[in-house]
Amino acid sequence: MEKIIILDFGSQTTQLIGRRIRELNTYCEILPYNKFPEGDENIKGVILSGSPFSVNDQDAFRVDLSPIRKKYPVLGICYGAQLLAFSSGGKVEKGDSREYGRANLSSLNESDSLLKGISVNSQVWMSHGDTITVLPKNFEIIAETKDVEAAAYQIQGEATWGVQFHPEVYHTEQGALILDNFLHICGCKKDWSPASFIQTTVKALQEQLGNDKVILALSGGVDSSVTAMLLHKAIGNRLTCIFVDNGLLRKNEFERVLKDYEHLGLHVIGIDAKDRFYKALEGVKEPEKKRKIIGKGFIDVFDEEAKKLQEVKWLGQGTIYPDIIESLSITGTVIKSHHNVGGLPEKMQLKLVEPLRLLFKDEVRRVGKELGMMPHLIERHPFPGPGLGVRILGEITPEKVRILQDADDIFIQGLRSWGLYHQVWQAGVILLPIQSVGVMGDERTYENAVALRAVTSTDAMTADWAHLPYDFLSKISNEIINKVRGVNRVVYDISSKPPSTIEWE
Ligand code: XMP
């Protein structure tokens, strides 16, 4: 499968370059700047990213570019462009503040293949502290802005370009066209699609796994479900999935999800471990302790079930690309290992198979759709691993779980029937550890309060509280108080993240 390699020099926008290339239906991989995979025949071109460093810094990331230059088309972006110039004898110096932010291309060489179709005056986004002041002699300027002479250059006699602006950010109006031109220069066929991904991945899995057996923990979420589907397509019933009811799932979720998986043809073992979890959680109030108990409980149940199966060699995991990038430092060392089911691989001594490890979340959804999964499985809100356990403040009891499940179900079904479900990133109800006075009929009540939480977000790193219609909130509040025994007060959480978090524990 043809690919573009993006060498990461540490810029915050490196991931965005990856996104843009994928949006142009071309497969790419982001690798630490010093980990170029020499000898990989599928490489069609190389992009050098930006960096928080100046090329003049003592500890700047520098690398020998000889395995790359003149062997592949190369595009240096910002620091990448400065590094190319610097390492060929050019001069890079501190720029002034005029070189930050929006700028316009004041002149450009329209016949240059990287700038094909780009118009004079087109807006670009600069964000460098340094600027190239002296270009090596075979570097030819192909675009300028008012304040930056070498906004873009090409090295003569070589398919190597440098741009000191960022084509990957939206503020660079024709950035996608520049990247597309680069892919054209690289001779990319641009045929990366969910269907082609499925085809190549299934083949690769068959080669990797041979006749081995795989075990996988399902959570009902999109990542583990798509992972299961891909593995199933590759090795059929040599894949065994385990879905554990820890007693902290949404109302009827266990039965519903098992039925969904059955439709998909997966071999799933459903384990009802509710009582075991409730028992282990008895009397525990401290949030971190609760999390640890739930995590450990899961590992123990999974391990016991796995031992009943014969000769399993692999553990399937729904790790996705942002997890991988997050876990790799720029030098390629692992900062934190990312497991959806922390601790399992070590305990069970299984090899890991992670077919989604190079996909972004929306690509996972597209693959799921292509695999024929039902929309409600693919477009489901995120739900935390410890489930309702982090939404019951204080001690967890089966009765509190019942109250929360009923209230949560009314809220979520309400969002669906009012057409609001897809407008929010995630939603849920929190059972507060307080009672308050109320009146029902002629009777004084002293019962629980619940908080509704709904947020908008793009990545859960930051979030805003969803501005849901008052009519809707009013209807949900009435319905919960009327129907859920044990609740007499509903409040709406209007905190954003930061400084709050999405979950309450
Ligand atoms: P916070 O509360 O940190 O949540 O703003 C951010 C996102 O992560 C989810 N979340 C978890 N997911 N295990 C998970 O699998 C956890 O322990 C956990 N804690 C929070 C949360 O639902 C939100 O989507």
Side-chain angles (χ1 to χ4, degrees), residues 216-228 242-250 253 257 277 280-281 284-299 301-302 315-327 336-345 354 356-357 360-362 364-365 378-393 396 404-405 408 411-412 415 421-432 451-466 493-505:
L216 175 103
L218 288 172
S219 70
V222 64
D223 300 344
S224 65
S225 305
V226 174
T227 304
I242 293 186
F243 182 43
V244 179
D245 185 355
N246 57 9
L248 301 164
L249 302 174
R250 293 196 136 116
E253 181 87 340
V257 169
F277 278 83
L281 286 163
V284 184
K285 291 187 177 150
E286 211 262 308
E288 265 319 293
K289 215 163 163 194
K290 288 198 297 190
R291 258 174 210 272
K292 289 223 168 76
I293 291 171
I294 298 168
K296 181 174 178 307
F298 178 81
I299 290 175
V301 172
F302 191 84
L315 176 71
Q317 279 201 160
T319 316
I320 66 170
Y321 205 33
D323 304 334
I324 302 271
I325 296 173
E326 222 174 83
S327 11
K336 58 173 178 174
S337 52
H338 239 282
H339 309 129
N340 288 342
V341 281
L344 262 183
E354 300 173 309
L356 304 181
R357 65 201 305 278
F360 291 97
K361 188 86 176 181
D362 60 317
V364 174
R365 292 203 163 105
I378 300 173
E379 283 146 20
R380 184 171 283 204
H381 286 169
F383 187 66
L388 300 181
V390 293
R391 297 183 182 167
I392 294 174
L393 308 197
I396 295 167
L404 184 54
Q405 281 179 335
D408 177 79
F411 189 31
I412 299 299
L415 284 167
Y421 185 83
H422 295 299
Q423 288 178 31
V424 305
W425 165 267
Q426 85 185 86
V429 178
I430 294 94
L431 181 61
L432 305 181
L452 308 181
R453 181 74 164 142
V455 296
T456 54
S457 177
T458 49
D459 53 11
M461 302 293 285
T462 61
D464 195 9
W465 58 278
D493 181 353
I494 53 167
S495 329
S496 57
K497 172 183 178 177
S500 297
T501 49
I502 296 175
E503 304 295 346
W504 279 42
E505 274 192 352

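One-based numbering, in listed order, for ligands and for the atoms of each.
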When you look at E286 and K289, which way does the salt bridge (charged side-chain N to carboxylate O under 4.0 Å, His left out) test go after all the steps?
CA-CA 5 Å; E286 211 262 308; K289 215 163 163 194; over 6 Å; no
Exactly one candidate in K361, Q317, R365 meets side-chain hydrogen bond (donor to acceptor under 3.5 Å, both in side chains) with D223; the answer is K361
Residues with a heavy atom under 4.0 Å from ligand 1, by chain and number, are R291, P382, P384, G385, P386, Q426, A460, K497, T501, I502, E503
| said: Do Q426 and F383 have side chains that approach each other closer than 4.5 Å (heavy atoms only, starting at C-beta)? | reply: no
**Study point:** Evaluation steps, side-chain contact (heavy atoms from CB on, under 4.5 Å), between L431 and R391
**Key:** CA-CA 6 Å; L431 181 61; R391 297 183 182 167; over 6 Å; no
task: Report the C-alpha separation of E253 and D408 in whole Å, then their side-chain angles, then the decisive distance to 0.1 Å, and conclude whether the side-chain contact (heavy atoms from CB on, under 4.5 Å) test is met.
output: CA-CA 12 Å; E253 181 87 340; D408 177 79; over 6 Å; no
Taking every heavy atom of A217 against every heavy atom of F302, the minimum-distance pair comes out as CB-CE1, 3.4 Å
